Amino acid sequence: MDKQKQLDHRYMRMARIWAENSYCKRRQVGALLVKDQMIISDGFNGTPSGFENNCEDENNVSKPYVLHAEANAITKVARSGNSSQGATLYVTASPCIECAKLIIQAGIKRVVYGENYRIMDGLNLLKRAGIEVVLVEE
């Protein structure tokens, strides 16, 4: 296995562990932003800072203000003053279309994901933007 594949598998394992921080019951998603083999940001799906940690309502439907792991990682790196230009995003589930737009605008060049989300619009948009997408299943 070449070095990049080894790194992809390692960072994906780390993203899966990071997903365990999520309080969401339906699906826990983790994300890591890596640049020059350094983790520059991380995120998991959940409610905004200061909100209750329940992601689902009484009918087990995700609340509309739950943030996706990718959005959390991208906004966190923006607050830090670091640049995500040219970075790789490791995320446990393929991005939705809204997160794909953020990924494009953040200058991320590569997305490595662990499983397909039920809607493929996000991956299709990333490919259209020339962003490399790689599926790494464990």
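Being a predicted model, the structure only gives us computed values, none of them experimental.
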Next item on the list: Find the distance between CD1 (I108) and CD1 (I131) and round it off to the nearest 0.5 Å.
Entry: 7.5 Å

Next item on the list: Look at atom NZ of K109 and say whether more than 12 heavy atoms of other residues, nucleotides or ligands are closer to it than 6.0 Å.
Entry: no

Item checked: Residue pair S84 / A106: nearest heavy atoms and the distance that separates them -> OG-O, 2.7 Å

Next item on the list: Take D8 and R110 through the side chain to side chain contact (heavy atoms under 4.5 Å, CB included) test and state the conclusion after the steps.
Entry: CA-CA 11 Å; D8 287 348; R110 192 166 176 264; 2.6 Å; yes

Check: Are I40 and I17 co-members of a hydrophobic cluster defined by side-chain heavy atoms under 4.5 Å apart?
Finding: no

Check: At their closest point, which heavy atom of G30 faces which heavy atom of A69, and how far apart are they?
Finding: C-CB, 3.9 Å

Note to self: When you compare the side chain of T88 with that of L7, does any pair of heavy atoms fall below 4.5 Å?
What the structure shows: no

Check: With hydrophobic residues grouped by side-chain heavy-atom distances under 4.5 Å, do L89 and L126 end up in a single group?
Finding: yes

Note to self: Using 0.5 Å steps for rounding, measure from the CG atom of L125 to the CD1 atom of I103.
What the structure shows: 9.5 Å

Notebook entry, point to check: Is a side-chain donor or acceptor of T47 paired with a backbone partner of E52 at a separation under 3.5 angstrom?
Noted result: yes

Notebook entry, point to check: Any sub-3.5 Å donor-acceptor pair from K35's side-chain atoms to Q85's backbone N or O?
Noted result: yes

Item checked: Residue of the set L32, V34, V77 for which side-chain contact (heavy atoms from CB on, under 4.5 Å) holds with D42 -> L32

Next item on the list: Enter the distance from E137:CD to H9:NE2 here, rounded to the nearest 0.5 Å.
Entry: 9.5 Å

Next item on the list: Determine the minimum heavy-atom distance between S41 and K76, stating which atoms define it.
Entry: OG-CB, 3.4 Å

Notebook entry, point to check: With a cut-off of 6.0 Å (strictly less than), are more than 12 heavy atoms of other residues, nucleotides or ligands near CD of Q105?
Noted result: no

Check: In Å and rounded to the nearest 0.5 Å, what is the CZ to NZ distance from R10 to K5?
Finding: 14.5 Å

Check: With side chains defined as the heavy atoms from C-beta onward, is the minimum distance between I119 and I97 less than 4.5 Å?
Finding: no

Notebook entry, point to check: Can you check whether M38's main-chain N or O pairs, donor with acceptor, with D36's side chain at less than 3.5 Å?
Noted result: no

Check: Under a 4.5 Å side-chain heavy-atom rule over Ile, Leu, Val, Met, Phe, Trp and Tyr, are V29 and L123 clustered together?
Finding: yes

Item checked: Check: N45 side chain, V66 main-chain N or O, donor-acceptor pair, under 3.5 Å -> no

Check: Which atoms form the tightest heavy-atom contact between S94 and Y117, and what is the distance?
Finding: OG-N, 2.7 Å

Item checked: All pairs passing ring-ring contact (aromatic ring centres under 6.0 Å, His included) where residues 54-91 contributes a residue, at least two apart -> Y11-Y90, F51-Y65

Checklist line | Side chain to side chain, L135 and Y113, heavy atoms closer than 4.5 Å | finding: yes

Checklist line | Closest approach of M12 to T92 (non-hydrogen atoms, all atoms of both residues) | finding: SD-CA, 4.2 Å

Next item on the list: Return the set of residues passing side chain to side chain donor-acceptor pair (under 3.5 Å) with K101 (not counting sequence neighbours), or none when no residue passes.
Entry: E98

Notebook entry, point to check: Distance-only, no hydrogens or angles: does the N72 side chain make a donor-acceptor pair with backbone N or O of F44 under 3.5 Å?
Noted result: yes

Item checked: L67 side, atom CG; T75 side, atom OG1 - distance, nearest 0.5 Å -> 6.5 Å

Notebook entry, point to check: Quick check: are there more than 12 heavy atoms from other residues, nucleotides or ligands sitting under 6.0 Å from NZ of K63?
Noted result: yes

Next item on the list: Taking E70 for its side chain and V91 for its backbone only, find out whether a donor-acceptor pair lies under 3.5 Å.
Entry: no

Item checked: Taking every non-hydrogen atom, the tightest pair across C24 and R27 -> CB-O, 3.4 Å

Margin query: Please determine whether residues V136 and I39 belong to a single hydrophobic cluster, defined as Ile, Leu, Val, Met, Phe, Trp and Tyr linked transitively by side-chain heavy-atom distances below 4.5 Å.
Written below: yes

